Colleague: 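Take a look at the following structure, please.
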Amino acid sequence: MATVDECRQALHDLADRLAANAAKVRDRVDLDRTLACRITDLDTAFHGRLTDGHLVDLADGDDPKAKIALTTSSDDLVALVRGELDVTRAVGTRRISINASPFDLLKLRKLL
């Protein structure tokens, strides 16, 4: 089981990767949504905002009103960010759950 600090670092790594790719997707993806990442096995959560291809304002704690919510285990979050776990396969096997509008899900695919 990954630690809270490893999950926090994974999200910061994801933010860095999205920032590096933001210029390429900014014109194709118009997405400005709050995001919550809930870690089931650690009973913790993080929240932030996806905007202009960036993941910003990452902080500890849940955002129950988040427009996009990712729920997963700590190990699966770390594997997902490292590229060791395919997001489509993980959703299909219910290792992760993403609650968002269908339109937002399509935009998320372009970001990742």
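This one's a predicted model, so the numbers in the text were calculated from it and none came from an experiment.
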Colleague: At what distance, to the nearest 0.5 angstrom, does CZ of Arg82 lie from CZ of Arg17?
Modeller: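 Answer for the CZ-CZ pair, Arg82 versus Arg17, is 11.5 Å.
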Colleague: Does the pair Leu42 and Met1 meet the rule for a side-chain contact (heavy atoms from CB on, under 4.5 Å), with working shown?
Modeller: CA-CA 9 Å; Leu42 297 176; Met1 176 170 37; 3.5 Å; yes
Colleague: Between OG1 of Thr40 and CD1 of Ile96, what distance do you get to the nearest 0.5 Å?
Modeller: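 Those atoms lie 11.5 Å apart.
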Colleague: Which pair of heavy atoms, one from Arg38 and one from Pro64, lies closest together, and at what distance?
Modeller: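 The answer is NH2-CA, 3.8 Å.
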Colleague: Do we see a donor-acceptor contact under 3.5 Å between the side chains of Gln9 and Asp13?
Modeller: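 Result is yes, a qualifying pair exists.
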Colleague: Do Asp41 and Ser74 have side-chain atoms, one donor and one acceptor, less than 3.5 Å apart?
Modeller: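 On atom types as modelled, these side chains qualify, holding a pair under 3.5 Å.
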Colleague: Do Leu35 and Leu58 sit in the same hydrophobic cluster, where Ile, Leu, Val, Met, Phe, Trp and Tyr count as joined when their side-chain heavy atoms come under 4.5 Å apart?
Modeller: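 Looking at the clustering, Leu58 is in the same group as Leu35.
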Colleague: Would Val87 and Leu108 count as a side-chain contact (heavy atoms from CB on, under 4.5 Å) here? Give the steps.
Modeller: CA-CA 11 Å; Val87 68; Leu108 280 174; over 6 Å; no
Colleague: Can you tell me how far apart CG (Leu70) and OG1 (Thr72) are? Round to the nearest 0.5 Å.
Modeller: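 Separation between the atoms: 6.0 Å.
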Colleague: Find out if a path of hydrophobic residues (ILVMFWY) with successive side-chain heavy-atom gaps under 4.5 Å connects Phe46 to Leu55.
Modeller: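 The answer is yes; both residues are in one hydrophobic cluster.
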Colleague: Are Leu50 and Leu18 close enough that some pair of their side-chain heavy atoms sits under 4.5 Å apart?
Modeller: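 Yes - at least one pair of side-chain heavy atoms lies under 4.5 Å apart.
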Colleague: Would you call Asp104 and Arg33 a salt bridge, taking side-chain N to carboxylate O under 4.0 Å as the test?
Modeller: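 Salt bridge flag = yes for Arg33 with Asp104.
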Colleague: Cluster question for you: counting only ILVMFWY and a side-chain heavy-atom cut-off of under 4.5 Å, with indirect links fine, are Val81 and Val56 together?
Modeller: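 No; Val56 is not reachable from Val81 via cluster members.
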Colleague: Could you tell me the separation between the SG atom of Cys37 and the CG atom of Asp63, rounded to the nearest 0.5 Å?
Modeller: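 Answer rounded to 0.5 Å: 12.5 Å.
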Colleague: Mind running side-chain contact (heavy atoms from CB on, under 4.5 Å) on His47 and Thr34 for me, showing each step along the way?
Modeller: CA-CA 7 Å; His47 67 275; Thr34 52; over 6 Å; no
Colleague: At what distance, to the nearest 0.5 angstrom, does CG of Leu106 lie from CG of Leu31?
Modeller: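 That separation rounds to 11.0 Å.
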Colleague: Before you tell me yes or no, could you show the steps for Leu77 and Leu11 under side-chain contact (heavy atoms from CB on, under 4.5 Å), namely the whole-Å CA-CA distance, both residues' side-chain angles and the distance that decides it to 0.1 Å?
Modeller: CA-CA 8 Å; Leu77 173 66; Leu11 289 171; 4.2 Å; yes
Colleague: Verify the neighbour count for atom CG of Asp32: are there more than 12 heavy atoms of other residues, nucleotides or ligands below 6.0 Å?
Modeller: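 More than 12 within 6.0 Å, yes.
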Colleague: Which atom pair, heavy atoms only, marks the closest approach of Asp75 to Ala2?
Modeller: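 Shortest heavy-atom contact: OD1-N, 2.9 Å.
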Colleague: Quick one: pull up CZ in Arg95 and CG in Asp86 and give me the separation to the nearest 0.5 Å.
Modeller: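 Taking CZ in Arg95 and CG in Asp86, the distance rounds to 10.5 Å.
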Colleague: Treating Asp52 as the side-chain partner and His54 as the backbone partner, does any N or O pair qualify as donor plus acceptor under 3.5 Å?
Modeller: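 No: the side chain of Asp52 does not pair with the backbone of His54.
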